[in-house]
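Report on one structure; see the data block that follows.
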Amino acid sequence: MTPRAGQLVVISGPSGSGKTSLIDRLRSHPRVRVSISVTTRPRRGDEVDGVNYHFVDRERFLAMKAEGRFIETNDVFSDGHLYGSLWSDLDEALSDPDCVYIMEVDVTGAENLARTEGLAPRFLFIQPPSMEILEQRLRKRQTDDEEAIARRLGRASAEIAQAHAAGAEMIVNDSLDKATERLAALLGLNGGDGRPAGSPDATRTDVT
Ligand code: 5GP
């Protein structure tokens, strides 16, 4: 087997923490590759199969699982929809010693990856500046009703505690620019001018 010479980075954070926007800022850096998970949840409007996720039905997911193709899987929201990350993608990416391979998974997935022999990932957790600000962000995006907002806030508190207990490196996302810089610096991705590659033309400002 080709040795895994690149850097494996696992990033988690509550919904509304801005982790997807942060990862999007780093995506165009030549050393960065972002993993694409497999999921059984339905595709949302603007999502593209093979770009955001590999969308499969439950039967196919379970067959892939039986074939040993997943590093870890989880029913992230306990709603029956499964998510899993692929060995094939990771092994190919990490055969390049310069590659920084970013996996965005929930905290349970991060813990499972940390326990997987031979991976030794770095675990980063994106934290909102406060629960009040997280609540404001969730309300601003207008995708959730009151019940969903309350559920997401409860889940966020639990995830923050779980991430601390798991020894995650915490990044507070107070401003997208500053948090991107800190994240890029932590991963050794800053260019000579201190700006992470990809930031000048990054246009997304939404938080997910
Ligand atoms: P979405 O909003 O895309 O349905 O849900 C995303 C949630 O699932 C996020 O918390 C994300 O970190 C998590 N997730 C995405 N892919 C995986 C995966 O392969 N494994 C695990 N454990 N969690 C995943």
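When a ligand or atom number is given, it counts from 1 through the structure's own listing order.
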Q. Looking at atom 23 (N) of ligand 1, what's its closest protein heavy atom, distance included?
A. Asp106 N, 3.3 Å

Q | Protein contact to atom 3 (O) of ligand 1 [nearest heavy atom, distance to 0.1 Å] | A | Tyr53 OH, 2.5 Å

Q. In the protein, which heavy atom is nearest to atom 12 (O) of ligand 1, and how far is it?
A. Val105 C, 3.0 Å

**Q.** Residue pair Asp106 / Asn74, side-chain donor-acceptor N/O under 3.5 Å
**A.** yes

Q: Return a yes/no value for Arg44: is any of its N or O atoms, backbone included, closer than 3.5 angstrom to an N or O of ligand 1?
A: yes

Q: Could you walk me through whether Arg182 and Glu169 pass salt bridge (charged side-chain N to carboxylate O under 4.0 Å, His left out), step by step?
A: CA-CA 11 Å; Arg182 282 199 294 273; Glu169 295 172 76; over 6 Å; no

Q. Does an N or O anywhere in Glu72 fall below 3.5 Å from an N or O of ligand 1?
A. yes

**Q.** Which residue and heavy atom of the protein sit nearest atom 14 (N) of ligand 1, plus the separation
**A.** Glu104 O, 3.8 Å

Q: Could you tell me which atoms of ligand 1, counted from 1 in the order shown, lie closer than 4.0 angstrom to a heavy atom of Ser85?
A: 19 (O)

Q | Ser37-ligand 1 polar pair, N/O distance under 3.5 Å | A | yes

Q. Are any of the side-chain nitrogens in Arg151 or Asp145 under 4.0 Å away from the carboxylate oxygens of its partner?
A. no

Q) Hey, are Asp144 and Arg139 close enough for a salt bridge, meaning a charged N less than 4.0 Å from a carboxylate O? A) no

**Q.** Contact atoms of ligand 1, heavy-atom distance to Asn74 under 4.0 Å
**A.** 22 (N)

Q) For ligand 1, which atoms have a heavy atom of Arg41 less than 4.0 angstrom away? A) 1 (P), 3 (O), 4 (O)

Q: Check the side chains of Arg58 and Thr40 for a donor-acceptor pair under 3.5 angstrom, ignoring hydrogens and angles.
A: no

**Q.** atom 7 (C) of ligand 1 - nearest protein heavy atom and its distance
**A.** Phe77 CZ, 3.9 Å

Q) Should the pair Arg25-Asp177 be classified as a salt bridge under the 4.0 Å nitrogen-to-oxygen rule? A) yes

Side chains of residues 59-72: which donor-acceptor partners sit under 3.5 Å, not counting sequence neighbours?
{"from": "Lys65", "atom 1": "NZ", "to": "Thr73", "atom 2": "OG1", "distance (Å)": "3.0"}
{"from": "Glu72", "atom 1": "OE2", "to": "Ser85", "atom 2": "OG", "distance (Å)": "2.7"}

